[in-house]
Amino acid sequence: MARRSLDACPLWELQCDGAVVGIVHAPEAEAILTCTAQQLAVWDATSHAFRRGVRGRSFWQALSYAPDLQSAIMGGRDGTLVLWDINRGEAKRELS
């Protein structure tokens, strides 16, 4: 049985500081979050404009919206979890 090839069609090109290792979208939040090894970035879901970025100390590997859609939680390779306020660009809480 032959395998079908899927052609990739980019939604838009992101100007990030490295390879994107995580991406999440919640339509209610009207934002898309991306995660590189060193940065959380917040993008406008409609215009695709960059809103803000937050640099971290860890090598980030996982990303998710918190239930309030105003925060994101990121997991680092070193076992650190950080809860970020995505509107202020500040860490609310850190667990390690």
Side-chain angles (χ1 to χ4, degrees):
M1 177 181 241
R3 293 182 87 186
R4 273 188 8 185
S5 151
L6 297 176
D7 293 330
C9 179
L11 299 173
W12 82 83
E13 283 192 37
L14 302 174
Q15 300 299 316
C16 296
D17 67 347
V20 174
V21 295
I23 184 166
V24 293
H25 175 242
E28 305 85 10
E30 299 178 358
I32 295 172
L33 306 178
T34 59
C35 170
T36 66
Q38 300 293 320
Q39 182 181 34
L40 164 70
V42 182
W43 307 86
D44 185 280
T46 304
S47 70
H48 302 171
F50 177 78
R51 288 187 186 169
R52 74 192 49 78
V54 178
R55 292 209 169 272
R57 297 186 313 271
S58 186
F59 185 92
W60 303 116
Q61 292 185 297
L63 169 68
S64 181
Y65 267 108
D68 67 2
L69 299 178
Q70 302 301 309
S71 307
I73 190 155
M74 295 175 66
R77 181 183 286 175
D78 64 357
T80 301
L81 293 174
V82 178
L83 182 66
W84 294 100
D85 180 317
I86 60 174
N87 296 311
R88 292 185 177 171
E90 299 172 349
K92 291 176 155 184
R93 190 164 186 196
E94 186 170 323
L95 303 169
S96 50

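For Ser96, the side chain to side chain donor-acceptor pair (under 3.5 Å) criterion is met by no residue, not counting sequence neighbours. The salt bridge (Lys or Arg N to Asp or Glu O under 4.0 Å) check on Glu30 picks up nothing, with sequence neighbours excluded. Residues passing the ring-ring contact (aromatic ring centres under 6.0 Å, His included) test with Phe50 are Trp43, sequence neighbours excluded.
Under the 4.5 angstrom side-chain criterion for Ile, Leu, Val, Met, Phe, Trp and Tyr, the cluster partners of Ile86 are Val24, Leu33, Leu40, Val42, Val54, Trp60, Leu63, Tyr65, Leu69, Met74, Val82, Trp84. Other residues sharing the hydrophobic cluster of Phe59, ordered by chain and number and joined by side-chain separations under 4.5 Å: none, the residue standing alone.
By the 6.0 Å contact criterion, CZ on Arg88 is open, its count of non-hydrogen atoms from other residues, nucleotides or ligands being 12 or less.
Interatomic distance, Leu81 CG to Arg93 CZ, rounded to the nearest 0.5 Å: 10.5 Å.
Sorted by first and then second residue, the pairs that involve residues 70-82 and meet side-chain hydrogen bond (donor to acceptor under 3.5 Å, both in side chains), not counting sequence neighbours, are Ser58-Asp78, Asp68-Ser71, Gln70-Asn87, Ser71-Lys92, Asp78-Thr80.
Taking each heavy atom of Ala45 and Ala31 in turn, the nearest pair found is CB-N, 3.8 Å.
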